[in-house]
Amino acid sequence: MNNRIRNQYRVEMVRVKKVIRETPSLRTYVLDKGMSFQPGQFLLVSVFGFGESAISFSSYPAVKITVDNVGNVTGALARLEKGDKIGIRGPYGNGYPVKELKGKDVFLISGGCGLAPMRSLIRYYERHTKEIKSLTLFFGARSPEMIPFRENIDKWKGKFDVQLSVDRASDGWKGHVGFVTDLIERYEFPEGSAAVFCGPPVMFKHTAEILKRKGFSDDDMIVSLERNMKCGIGKCL
Ligand SMILES: Cc1cc2nc3c(=O)[nH]c(=O)nc-3n(C[C@H](O)[C@H](O)[C@H](O)COP(=O)(O)OP(=O)(O)OC[C@H]3O[C@@H](n4cnc5c(N)ncnc54)[C@H](O)[C@@H]3O)c2cc1C
């Protein structure tokens, strides 16, 4: 038996193996670190002199994080280059309830950088295809330039239904222009469906209203409402 108690607050320094520019404000960092985690869990990521931010795993099982540059810590992360070191602690959070989603038609609904944690769930289902009946992704971005994970999305289109929308089109865009909720409104969901949301809070309310009208119960809708994070383990708030 292992009698050692894990210190939940211990920060480990890890090297950034690769930086991928996804959009003008989103960067993916491939970390030189292996660890076991569930899709939907997150790390507390720190940069010396700036602080610490909660950032979800954006892949599976590889340890990658995708960060939107919105302020102090995320701005410092945006300046990192290959070979730089950051502090991490975790994984934290419960992750997506993959056991409860077993056997269902699963609909992932996301907007903006909400696609980052969703990608870890998609990568999980790419490895566990038989766990669910079907997978569909709805994703909305402000413009085509703001769509991350382009290479993944192109591959996903060959494997499952991917429904994209942008608020503003640019040259060459052939998809939907408007809100992602327009696509959800016109979609016919089969019985036994479950939806997982991740994105801007403004999207949640409208999406939940539409899905309820279409027969989803509260239990069929999984949404992360946690916005602020300090200790990461539910002790401080
Ligand atoms: C469980 C969880 C998972 C997350 N996963 C990701 C992820 O994968 N990628 C990503 O880019 N972001 C993610 N976030 C949001 C990220 O933690 C915040 O954007 C970040 O902490 C902002 O820190 P900052 O110092 O750069 O911004 P600040 O300079 O502190 O503030 C800039 C703006 O960000 C807002 N903000 C500050 N802290 C938070 C916070 N903890 N949550 C939400 N908004 C905040 C402020 O209200 C302000 O509008 C996640 C948040 C949580 C709680």
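Both ligands and their constituent atoms are indexed starting at 1 by order of listing. For reference, positions follow the sequence shown, starting with 1.
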Original post:
Can you tell which of N72, V70, V73 gets a heavy atom nearest to atom 34 (O) of ligand 1?
Top reply: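 Heavy atom nearest to atom 34 (O) of ligand 1 belongs to V70.
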Original post:
Nearest heavy atom to atom 11 (O) of ligand 1: which of T28, I55, D68 does it belong to?
Top reply: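 Of the listed residues, D68 has the closest heavy atom.
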So if I count the atoms of ligand 1 from 1 in the order they appear, which ones are less than 4.0 Å from some heavy atom of [X]?
{"X": "V67", "value": "11 (O)"}
{"X": "S53", "value": "20 (C), 21 (O), 22 (C), 23 (O)"}
{"X": "F42", "value": "1 (C)"}

Original post:
Is there a side-chain contact between L115 and L108 (heavy atoms, below 4.5 Å)?
Top reply: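 Contact flag for L115/L108 side chains = no.
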Original post:
Would a 4.5 Å heavy-atom cut-off, applied to side chains only, mark W156 and L137 as touching?
Top reply: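 In short, these two side chains touch, coming nearer than 4.5 Å.
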**OP:** Check for a donor-acceptor pair, side chain of E131 on one end and backbone N or O of K102 on the other, with a separation under 3.5 Å.
**Re:**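 Answer holds: no.
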Original post:
Does ligand 1 have a heavy atom under 4.0 Å from the side chain of T66, from its backbone, from both, or from neither?
Top reply: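 For T66, only backbone atoms sit under 4.0 Å from ligand 1.
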**OP:** Could you walk me through whether D219 and E100 pass side-chain contact (heavy atoms from CB on, under 4.5 Å), step by step?
**Re:** CA-CA 10 Å; D219 290 345; E100 285 154 42; over 6 Å; no
Original post:
Does any N/O atom on A54 come nearer than 3.5 Å to any N/O atom on ligand 1?
Top reply: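 For ligand 1, there is an N or O atom that lies under 3.5 Å from one belonging to A54.
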Original post:
Only one of K157, E126, R119 clears side chain to side chain donor-acceptor pair (under 3.5 Å) with N152; which?
Top reply: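 Answer after filtering K157, E126, R119: R119.
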Subject >> Pair S25-D68, side-chain hydrogen bond (donor to acceptor under 3.5 Å, both in side chains): steps then yes or no >> reply: CA-CA 6 Å; S25 73; D68 196 9; 2.7 Å; yes
